[in-house]
*Asks:* 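So that we are looking at the same thing, I have put the structure below in structure tokens.
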Amino acid sequence: MARIREFDTERAVEAAMNAFGCNGYEGTSIQDLVDATGVGRGSLYAAFGSKEGLYLAAMDRYRECYALPLVEILRQGVPGRELLHYVLVAAIDEIVLDGSRRACLSVGAAVGRIAHDPQVSSHVQVTTELLEDALDQVIAEAQADGQLSDKHDARDLARFLIMTMHGLRVMGAMNPDRASLMAVADTALDALD
């Protein structure tokens, strides 16, 4: 007879997401995950199959917590330039207020895992494409309204902004200085003109 799961799976995945975000996949041991989640090793393996299974669940949770809400914000119909400024400033505020100096889970996965893990690569690609599509739409509409120059392709600019947001995360993990990060965001926005 199968045992009933005696822990909150969502809470465990959230705790694992934070542990992986702070230490990366390789730097997070099973014992770190046991400590972070408060769930026994056997229960974690029973629920997720492996450390990688928990990592993939954490990546799904990351998409739910960060990427999907950002996509919804981008689809709210706010004027494009204003919206892009808001998104970059909100990202910087989150970076500066986050005392753990952790980088983006997707960035960590892209740097450390996608070259040899097709499942992680697929997760990162899906998340990136969601953001890219939403940014492309905002930029194309802003170009059509004359808010942004159309000298660059909207899709290229969407990719540029994703790289900028990822770079802000990495820079913020090293030095969460708001003025420095804002200078980068302002430069990125100027590049859209």
Side-chain angles (χ1 to χ4, degrees), residues 1-76 87-88 90-135 162-176 181:
M1 183 171 182
R3 289 184 52 180
I4 297 172
R5 192 168 294 150
E6 299 176 7
F7 65 91
D8 182 337
T9 304
E10 285 187 34
R11 188 175 302 152
V13 170
E14 183 100 15
M17 178 185 74
N18 290 328
F20 286 126
C22 289
N23 304 311
Y25 180 83
E26 300 297 333
T28 305
S29 68
I30 292 295
Q31 187 59 49
D32 293 333
L33 294 168
V34 167
D35 294 343
T37 63
V39 177
R41 185 181 306 253
S43 295
L44 286 176
Y45 279 111
F48 302 102
S50 64
K51 176 182 166 182
E52 181 164 319
L54 182 51
Y55 186 69
L56 293 172
M59 291 189 70
D60 284 338
R61 182 70 181 142
Y62 186 84
R63 183 184 305 137
E64 292 168 13
C65 290
Y66 296 100
L68 295 179
L70 177 55
V71 167
E72 288 306 311
I73 289 168
L74 290 168
R75 292 184 175 153
Q76 290 182 357
V87 165
L88 291 174
I92 290 168
D93 288 343
E94 183 181 331
I95 292 165
V96 171
L97 295 174
D98 177 18
S100 67
R101 291 186 163 195
R102 62 186 165 155
C104 168
L105 190 62
S106 289
V107 171
V111 171
R113 306 271 316 146
I114 64 170
H116 55 276
D117 190 327
Q119 287 184 293
V120 171
S121 178
S122 176
H123 272 68
V124 171
Q125 185 173 354
V126 167
T127 300
T128 301
E129 286 174 357
L130 283 169
L131 293 172
E132 186 178 308
D133 289 344
L135 283 165
I162 289 170
M163 286 189 282
T164 300
M165 288 189 284
H166 287 169
L168 287 168
R169 277 281 190 203
V170 172
M171 285 180 60
M174 293 183 296
N175 178 20
L181 298 173

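Because the structure is predicted, anything quoted here is derived from the model rather than measured. By convention here, the first residue in the shown sequence is residue 1.
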*Asks:* Which atom pairs, one a donor and one an acceptor, fall under 3.5 Å between side chains of residues 10-19 and the rest of the protein, sequence neighbours left out?
*Replies:*
| unit_1 | atom_1 | unit_2 | atom_2 | d |
| --- | --- | --- | --- | --- |
| Glu14 | OE1 | Arg61 | NE | 2.8 |
| Glu14 | OE1 | Arg61 | NH2 | 2.9 |
| Asn18 | OD1 | Arg102 | NH1 | 2.6 |
| Asn18 | ND2 | Glu14 | O | 3.3 |

*Asks:* Walk me through whether Arg169 and Glu94 qualify under side chain to side chain contact (heavy atoms under 4.5 Å, CB included).
*Replies:* CA-CA 9 Å; Arg169 277 281 190 203; Glu94 183 181 331; 2.6 Å; yes

*Asks:* Identify the two heavy atoms, one from Leu181 and one from Gly172, that lie closest to each other, and give their separation to 0.1 Å.
*Replies:*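 Reported closest heavy-atom pair: CD2-N, 4.0 Å.
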
*Asks:* Output the distance between atom OH (Tyr25) and atom CG (Asp117), rounded to the nearest 0.5 Å.
*Replies:* 7.5 Å

*Asks:* Minimum heavy-atom separation for Leu130 and Leu68, please, with both atom names.
*Replies:*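 Closest pair (atom of Leu130, atom of Leu68, distance): CD1-CD2, 3.8 Å.
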
*Asks:* Within this structure, what is the SG-CE distance for the pair Cys104 and Met165, rounded to the nearest 0.5 Å?
*Replies:* 9.5 Å

*Asks:* Are any of the side-chain heavy atoms of Leu56 and Phe48 separated by less than 4.5 Å?
*Replies:* no

*Asks:* Of the non-hydrogen atoms in Ile114 and Ser121, which two are nearest, and what is the gap between them?
*Replies:* CG2-CA, 3.5 Å

*Asks:* Measure the spacing between CG of Leu54 and CZ of Phe20 and express it to the nearest 0.5 Å.
*Replies:*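 Answer for the CG-CZ pair, Leu54 versus Phe20, is 5.0 Å.
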
*Asks:* Considering all heavy atoms of both residues, which atom of Ala109 and which atom of Met59 are nearest to each other, and what is their separation?
*Replies:* CB-CE, 3.8 Å

*Asks:* Got a donor-acceptor contact below 3.5 angstrom from the Asp60 side chain to the Ala57 backbone?
*Replies:*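 Absent.
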
*Asks:* Yes or no on side chain to side chain contact (heavy atoms under 4.5 Å, CB included) for Asn175 and Met171, after CA distance, side-chain angles and deciding distance?
*Replies:* CA-CA 6 Å; Asn175 178 20; Met171 285 180 60; over 6 Å; no

*Asks:* Are Leu131 and Val71 side-chain neighbours, meaning at least one heavy-atom pair lies under 4.5 Å?
*Replies:* yes

*Asks:* How far apart are the C-alpha atoms of Tyr55 and Arg113, what are their side-chain angles, what is the distance that settles it, and do they pass the side chain to side chain contact (heavy atoms under 4.5 Å, CB included) test?
*Replies:* CA-CA 11 Å; Tyr55 186 69; Arg113 306 271 316 146; 3.9 Å; yes

*Asks:* Is the shortest distance from a Lys or Arg side-chain nitrogen in Lys51 or Glu26 to a carboxylate oxygen in the other one below 4.0 Å?
*Replies:* no

*Asks:* Please name all residues satisfying side-chain contact (heavy atoms from CB on, under 4.5 Å) with Glu72, sequence neighbours left out, ordered by chain then number.
*Replies:*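 Counting only residues at least two positions away or on another chain, Glu72 forms a side-chain contact (heavy atoms from CB on, under 4.5 Å) with Arg75.
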
*Asks:* Side chains of Ile30 and Tyr45, heavy atoms from C-beta outward: is any pair under 4.5 Å?
*Replies:*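 They are in contact (side-chain heavy atoms under 4.5 Å apart), so the answer is yes.
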
*Asks:* Roughly how far apart are Leu70 CG and Leu135 CG, rounded to 0.5 Å?
*Replies:* 6.5 Å

*Asks:* I need the minimum non-hydrogen distance between Cys65 and Pro69, along with the two atoms involved.
*Replies:* O-CG, 3.3 Å

*Asks:* For the CG atom of Asp98 and the CD1 atom of Ile95, what is their distance to the nearest 0.5 Å?
*Replies:* 8.5 Å

*Asks:* Kindly write out the residues that satisfy side-chain hydrogen bond (donor to acceptor under 3.5 Å, both in side chains) with Thr37, not counting sequence neighbours, or none if the list is empty.
*Replies:*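 Checked Thr37 against side-chain hydrogen bond (donor to acceptor under 3.5 Å, both in side chains); zero matches.
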
*Asks:* Can you name the closest pair of heavy atoms from Thr128 and Ile162 and give their distance?
*Replies:* O-CD1, 3.8 Å

